[in-house]
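See below for the structure under consideration.
No hydrogens, no waters, no symmetry mates; every other heavy atom, side chains included, goes into these values. Every chain is numbered from 1, with letters handed out A, B, ... down the list of sequences.
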Number of protein chains: 2
Amino acid sequence: MKKITIGEASRKSGVKVPTIRYYESIGLLAEPNRSEGNQRSYEPADLRRLAFIRHARELGFEVEAIRALLTLQDDPHQSCASADAIAKTRLIEVEQRIRSLMALKAELELMVEGCGHGRVDQCRVIEVLADHGQCSHSHH
Amino acid sequence: MKKITIGEASRKSGVKVPTIRYYESIGLLAEPNRSEGNQRSYEPADLRRLAFIRHARELGFEVEAIRALLTLQDDPHQSCASADAIAKTRLIEVEQRIRSLMALKAELELMVEGCGHGRVDQCRVIEVLADHGQCSHSHH
DNA sequence: CCTACATCCTCTAGCGACTAGAGGTGCAAG
DNA sequence: CTTGCACCTCTAGTCGCTAGAGGATGTAGG
C-alpha cells in the first residue's frame with residue numbers, strides 16, 4: 001500500500017489540487033486518511049472517483065447531478081432508472097443548447113459577412129445588435 | 001417627455017429591474033436622472049441601449065465585449081474593424097462550442113441507448129462515466 | 001545534520017453575471 | 001387616509017472553482 005499524495009492524485013486524475021480539496025469540502029469526495037504530518041493520503045478508489053467526477057464535469061453535468069450519480073454508483077443494486085433520467089435530462093439540455101448556438105452562429109455569420117469594413121455607422125455588427133427586430137425572437 | 005420608470009424600462013427592454021441597476025453599477029448604463037422622490041427616470045435612448053445589451057448577452061457576448069461594442073456605438077465615426085474582430089472572435093468561440101457539444105451529445109446518446117433499464121451495475125451511464133478510456137480524449 | 005526547495009496545509013477572498021432578501025420610502029387608486 | 005405595489009439602498013448568496021497569504025512537511029543533495 002503506497003500512499004498517494006494529493007499532488008499525485010491530481011496528476012493521475014487530471015483534477016487540480018485545490019479542486020480536489022474543494023470537492024472534499026462539499027462532500028463529493030470522502031475525507032481521506034492523513035499522514036503523520038497531516039497530509040492527505042489517497043487510495044486507488046479515490047482516483048477512480050475523481051476520474052468519474054472529472055469526466056462527468058467535462059460532460060457538463062452539474063455537481064448536484066454528479067452527487068446523485070455517485071450515490072447510485074455507491075449502491076449498484078438499485079435500478080439505474082435515475083441515472084438514465086439524469087443522462088436523458090442532460091441530453092435534452094445539450095440538444096437545446098446546440099440548437100440555440102446554431103441560430104446564434106447564423107446570426108454572427110450574417111453580422112461578420114455584412115461588415116463592409118467601413119465605419120461603425122454602416123457596420124452590421126452594431127446594427128444587428130442594436131435592432132432587436134432583425135433577428136429571430138426565440139426567447140426561451 | 002414622459003418619464004420612464006425602471007419597471008417600465010424593464011418591461012420594454014426585457015432586462016430585469018435588479019439587472020438594470022447592476023448594469024448601472026458596473027458602468028454599462030449611464031446614471032439616469034432622478035425624480036423628486038429619488039426614483040430613476042429613463043429616456044428612449046436608454047431603452048435602446050438596454051435592448052442592445054440584452055441582445056448581445058443573449059448572443060453570449062461577455063460584458064467586457066459589450067462594453068467595447070457600446071464604446072464603438074457611442075462614436076460611430078471610427079472604423080468598425082474592432083466590432084468586426086469582436087464578432088469574429090465570438091463566432092469562433094461559438095463554432096468550437098458547437099463542436100464539443102456535438103461530441104458530447106454523441107456520448108450521451110450512447111449512454112442512454114446502452115442503458116438496459118436494469119440495475120446500476122449494468123448501466124452504461126455509470127460505466128461510461130467511470131471508465132474514462134471509453135470515450136474520445138479530446139481535452140482541449 | 002543542514003539547507004534548499006517542492007509540496008503540502010488552512011484560511012480567506014475573488015471571479016462573472018447576476019439574484020435574493022432585508023428594511024425602508026414614494027406614489028397612485030379607492 | 002390607507003392600502004399596496006413599485007421603488008430605493010445595501011449586503012450577501014449563487015456556482016464551481018481559482019488565487020493568494022502565511023506557515024508546515026517531506027525529500028534530495030552536500
Side-chain angles (χ1 to χ4, degrees), chain A residues 2-29 31-43 46 49-70 86 89-90 93 97 139-140, chain B residues 2-29 31-42 46 49-50 52-70 86 89-90 93 97 139-140:
Chain A
K2 60 177 188 296
K3 56 199 164 176
I4 304 173
T5 67
I6 197 169
E8 257 180 271
S10 170
R11 257 167 274 127
K12 285 182 178 153
S13 68
V15 179
K16 287 181 198 159
V17 169
T19 307
I20 294 176
R21 287 196 277 250
Y22 169 71
Y23 287 158
E24 184 186 323
S25 81
I26 61 168
L28 265 198
L29 200 65
E31 296 184 16
N33 294 327
R34 300 286 185 130
S35 74
E36 290 197 11
N38 196 35
Q39 302 198 186
R40 287 168 179 84
S41 175
Y42 292 97
E43 291 170 41
D46 296 315
R49 201 174 175 93
L50 276 173
F52 183 100
I53 296 171
R54 183 199 164 194
H55 192 192
R57 285 293 300 139
E58 276 169 3
L59 293 183
F61 287 92
E62 292 174 7
V63 164
E64 283 319 299
I66 295 172
R67 197 190 298 277
L69 289 168
L70 283 168
I86 292 169
T89 303
R90 179 79 194 123
E93 280 166 22
R97 191 95 187 95
H139 304 137
H140 50 116
Chain B
K2 60 177 189 298
K3 57 200 165 178
I4 303 172
T5 68
I6 198 170
E8 258 180 271
S10 171
R11 257 166 275 125
K12 285 183 179 155
S13 68
V15 180
K16 287 182 198 156
V17 169
T19 306
I20 294 175
R21 287 196 278 250
Y22 169 71
Y23 287 158
E24 184 186 322
S25 81
I26 62 168
L28 264 199
L29 200 65
E31 295 184 17
N33 293 328
R34 300 286 185 131
S35 74
E36 291 196 10
N38 196 35
Q39 301 199 190
R40 288 169 180 82
S41 175
Y42 292 96
D46 296 315
R49 201 175 175 91
L50 276 173
F52 183 100
I53 296 170
R54 183 199 165 196
H55 192 192
R57 285 295 299 139
E58 275 169 3
L59 293 183
F61 287 92
E62 292 175 6
V63 163
E64 284 319 298
I66 296 173
R67 197 190 297 278
L69 290 168
L70 284 168
I86 292 169
T89 302
R90 180 77 195 125
E93 280 166 21
R97 192 93 185 97
H139 305 136
H140 45 115

Nucleotide D/dC17, atom P - distance to CG of A/Leu28 in whole Å
9 Å
Can you check the B/Arg57 CZ to C/dT19 C1' distance for me, whole Å?
14 Å
Between A/Asn38 (CG) and C/dC9 (P), how many Å, whole number?
8 Å
Taking for each residue the nucleotide of DNA chain D with the nearest heavy atom, is it A/Phe61 or B/Arg40 whose nucleotide lies nearer the 5' end?
B/Arg40
Can you tell if the side chain of A/Arg34 reaches within under 4.5 Å of the side chain of A/Arg40, non-hydrogen atoms only?
yes
For A/Arg21, answer base if it contacts any base atom (sugar-phosphate contacts may also be present), sugar-phosphate if it contacts only those atoms, and nothing otherwise; contact means non-hydrogen atoms under 4.0 Å.
base
Answer yes or no: does a side-chain N or O of B/Thr5 lie under 4.0 Å from OP1 or OP2 of D/dC7?
yes
Expressed as a whole number of angstroms, how long is the span from B/Ile53:CD1 to C/dA17:P?
12 Å
Please give, in whole Å, the distance from D/dG26 P to A/Ile6 CD1?
15 Å
Rounding to a whole Å, what distance do you find between A/Leu50:CG and D/dC17:C1'?
15 Å
At under 4.0 Å, does any side-chain N or O of A/Lys16 touch on OP1 or OP2 of D/dC17?
no
Any ion pair linking B/Glu8 and B/Arg11 (charged N to carboxylate O, less than 4.0 Å)?
no
Students often get this wrong, so: under 4.0 angstrom with heavy atoms, is B/Glu62 touching a base, only sugar-phosphate, or nothing?
sugar-phosphate
salt_bridge(B/Glu93, B/Arg90) N-O dist < 4.0 Å
yes
In whole Å, what is the span from the CD1 atom of B/Ile20 to the P atom of C/dC18?
12 Å
CZ of A/Arg11 versus P of C/dC8: gap in Å, rounded?
7 Å
